[in-house]
Amino acid sequence: MPESNPFRVALSSDFRQPDGSPTFRDFDLAPLKDAAGVEMAFLDEANPLRADQLADFDALILLAHRLTAESIPANGRLAVVARFGVGYDTVDVPALTRACIPLVITPDGVRRPVAVSILTLMLALTGKLLAKDRLTRMAAAGFAQRNQHMGIGLVGRTLGSVGIGNIGAEMFRLAKPLDMRFIAHDPYADPKVAAELGVEFVALDEVFRQADILCVNCPLSEGTRHLVNAERLALMKPTAYLINTARGPIVDQRALTAVLAAGRIAGAGLDVLEQEPPDPDDPILKLDNAILTPHALCWTDQCFAGNGAADVRAVLEVQRGNVPRGVVNREVLEDPRWTARLEGYRRRFGAG
Ligand SMILES: NC(=O)c1ccc[n+]([C@@H]2O[C@H](COP(=O)([O-])OP(=O)(O)OC[C@H]3O[C@@H](n4cnc5c(N)ncnc54)[C@H](O)[C@@H]3O)[C@@H](O)[C@H]2O)c1
């Protein structure tokens with residue numbers, strides 16, 4: 001018998017393509033559809049989301065649409081927002097905190113796929129993969145130019161990171177067998193994790209000065225916007241590569257384009273740009289010392305399955321009256337309104 005007062009879960013409309021098919025086939029919704037007392041529905045297209053769309057839901061699973069203070073219904077029903085992924089610059093977190101709504105992210109889903117993306121870019125850049133692909137397609141004329149495209153061996157070279165959190169740490173973990181030197185700057189990182197991974201902390205400018213491969217692994221915030229700017233790019237070795245898989249606006253792209261065009265650094269691997277999609281006339285698209293991917297290098301079957309499973313787990317935990325994993329605004333968990341809300345769900349849906 002259908003539950004008369006079900007736990008209602010909304011999915012943002014970008015989880016479906018215009019023809020109604022799923023955006024990510026590996027996001028398995030069955031555990032949500034099959035859960036007792038749960039009803040799910042896709043929202044209509046709106047960006048930012050509107051409060052009237054969300055008023056009749058207990059939970060929201062959110063892809064890329066913006067969630068602002070105005071998106072939060074005043075009736076107090078919405079109890080959890082689960083972002084598909086770990087970036088949340090599209091979400092007004094203080095507004096959610098004021099409304100006592102936890103924001104959940106999925107670090108377990110993206111950790112390995114994004115770290116693998118960074119290694120993909122590092123190996124492709126230093127191995128001159130794209131240039132050598134082009135040479136091969138030129139047959140004999142390309143083979144004749146092979147010695148002009150020497151790669152860079154990685155043993156003893158310095159892998160640097162701005163940020164050593166979920167993804168930064170996994171990047172170092174995966175790079176361990178490459179026998180590189182590891183350095184990082186992160187004012188808030190756990191020194192134990194760094195020590196375990198053999199990562200030496202250095203000042204921010206020193207990461208730029210010393211790294212042969214410099215990776216951006218911090219969140220986008222007002223403090224990190226254009227953290228990679230002309231002054232810091234000028235500190236980099238002419239043989240160094242910059243890799244950004246974090247967020248485009250952390251890098252001043254105009255300044256980066258200038259140093260790449262001038263050959264002031266060896267190259268860049270960018271999964272993220274300041275404007276996505278880029279303007280077709282953006283000069284960075286013309287540079288052959290940059291490898292560019294459309295904010296999707298980590299998109300694999302396992303990444304989406306992992307993010308989806310984590311979000312579904314989180315909303316079902318809340319339905320049962322439990323605290324979900326991956327809460328960003330943890331102060332909500334101390335709020336008596338949250339405790340009361342969980343107690344209500346536990347009474348209605350909790351096991352036993
Ligand atoms: N390309 C993609 O598809 C993709 C997918 C997932 C995540 N990301 C991005 O990857 C980045 C890292 O994600 P994460 O899960 O590792 O996040 P995280 O929060 O676990 O780690 C970020 C680290 O950056 C550090 N940090 C914050 N401000 C800093 C500063 N000013 N200087 C140096 N370090 C600073 C934090 O202390 C933290 O240790 C985020 O920007 C996220 O949006 C991109």
Side-chain angles (χ1 to χ4, degrees), residues 14 23-24 62-64 82-91 93 103-122 160-174 182-197 199-208 211 214-229 232 242-252 268-274 276-277 291-300 302-304 306-308 310-311 325-330:
D14 45 357
T23 308
F24 307 122
L62 176 67
L63 185 53
R83 248 288 287 148
F84 192 86
V86 293
Y88 47 88
D89 39 296
T90 52
V91 177
V93 183
L103 171 68
V104 170
I105 56 173
T106 58
D108 297 345
V110 298
R111 180 184 305 118
R112 176 61 63 92
V114 182
V116 166
S117 302
I118 299 169
L119 290 200
T120 303
L121 289 170
M122 174 169 83
S161 185
V162 179
I164 171 173
N166 181 45
I167 293 167
E170 183 77 351
M171 171 193 88
F172 284 121
R173 213 168 278 128
L174 294 182
F182 293 166
I183 59 170
H185 175 79
D186 188 328
Y188 319 106
D190 182 349
K192 265 213 333 264
V193 172
E196 277 164 21
L197 293 168
V199 178
E200 180 194 341
F201 281 121
V202 296
L204 181 59
D205 285 356
E206 285 307 310
V207 192
F208 284 81
L214 171 54
C215 304
V216 181
N217 284 311
C218 62
L220 173 63
S221 66
E222 276 324 300
T224 62
R225 187 176 293 276
H226 283 196
L227 177 146
V228 181
N229 57 17
R232 295 205 173 98
L242 177 79
I243 293 176
N244 185 11
T245 55
R247 283 291 180 269
I250 300 170
V251 175
D252 178 346
L270 307 173
D271 187 45
V272 288
L273 296 170
E274 278 207 89
E276 294 175 3
I291 297 181
L292 307 173
T293 53
H295 201 150
L297 191 56
C298 80
W299 289 19
T300 61
Q302 295 181 352
C303 182
F304 290 118
N307 284 345
D311 276 347
R325 269 169 63 79
V327 174
V328 172
N329 48 350
R330 298 193 65 79

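Atoms within each ligand, like the ligands themselves, are counted from 1 in listed order. Both backbone and side-chain heavy atoms feed into the values below; hydrogens, waters and symmetry mates do not.
- Across A296, S161, P187, G163, heavy-atom proximity to atom 32 (N) of ligand 1 is greatest for P187.
- Counting only heavy atoms of the protein, atom 28 (N) of ligand 1 lies nearest to Y188 CE1, 3.5 Å.
- In summary, the atoms of ligand 1 found under 4.0 Å from a heavy atom of H295, numbered by their order in the structure, are 1 (N), 2 (C), 3 (O).
- Here I167 has heavy atoms under 4.0 Å from ligand 1 in both its backbone and its side chain.
- Counting protein heavy atoms only, atom 12 (C) of ligand 1 is closest to N217 O, 3.6 Å.
- Distances from ligand 1 to the non-hydrogen atoms of C298 include at least one value under 4.0 Å.
- Between A184 and V199, the closest heavy-atom pair is CB-CG1, 3.6 Å.
- With values rounded to the nearest 0.5 angstrom, D271 atom CG is found 6.5 Å from C298 atom SG.
- Judged by the shortest distance from any of its heavy atoms, G223 lies outside the 4.0 Å radius around the atoms of ligand 1.
- Nearest non-hydrogen protein atom to atom 31 (N) of ligand 1 is T224 CG2, 3.5 Å.
- Among the atoms of D271, some N or O lies under 3.5 angstrom from an N or O of ligand 1.
- Every atom of ligand 1 is numbered from 1 in the order shown, and the set under 4.0 Å from a heavy atom of H185 is 32 (N), 33 (C), 34 (N).
- Residue-ligand proximity, V114 to ligand 1, at heavy-atom distances under 4.0 Å covers atoms 4 (C), 5 (C), 6 (C).
- The closest side-chain donor-acceptor pair between N307 and T106 falls under 3.5 angstrom.
- Protein heavy atom in closest approach to atom 20 (O) of ligand 1: N166 N, 2.9 Å.
- Heavy atoms of P219 come nearer than 4.0 angstrom to ligand 1 in at least one pair.
- Heavy atoms only, all atoms of each residue included: F201 and P191 are closest at CE1-CA, 4.0 Å.
- Protein heavy atom nearest atom 39 (O) of ligand 1, with residue, atom name and distance: D186 OD2, 2.6 Å.
- Closest to atom 21 (O) of ligand 1, if we only count protein heavy atoms, is G165 CA, 3.3 Å.
- For the atom pair NE2 of H185 and CD of E206, the computed distance is 11.5 Å after rounding to the nearest 0.5 Å.
- Atom CG of residue D252 and atom CG of residue L227 lie 11.0 Å apart, to the nearest 0.5 angstrom.
- By the criterion of a heavy-atom distance under 4.0 Å, the side chain of V86, and not its backbone, is placed next to ligand 1.
- One distance of note links CD1 of I164 with CG of L197; it measures 5.5 Å at 0.5 Å rounding.
- Once rounded to the nearest 0.5 Å, the distance linking OG1 of T300 with CZ of F24 reads 11.0 Å.
- Proximity of a side-chain donor or acceptor of N217 to a complementary backbone N or O of S161 within less than 3.5 Å is not detected.
- Scanning the protein heavy atoms around atom 35 (C) of ligand 1, the nearest turns out to be C218 CB, 3.7 Å.
- For atom 4 (C) of ligand 1, the closest non-hydrogen atom on the protein side is T245 O, 3.7 Å.
- Of all the atoms in ligand 1, the ones that sit under 4.0 Å from a non-hydrogen atom of G87 are 43 (O).
- Across all non-hydrogen atoms, the minimal contact from M171 to A115 is N-CB, 3.7 Å.
- A distance of 9.0 Å separates CG of L62 from CG of D311, quoted to the nearest 0.5 Å.
- Contacts between I164 and ligand 1, counted as non-hydrogen atom pairs separated by less than 4.0 Å, involve the backbone only.
- More than 12 heavy atoms of other shown residues, nucleotides or ligands fall within 6.0 angstrom of atom CD in E276.
- Side chain of R112 to backbone of V116: no donor-acceptor contact under 3.5 angstrom is found.
- Polar contact with ligand 1: absent for W299 (N/O pair, distance under 3.5 Å).
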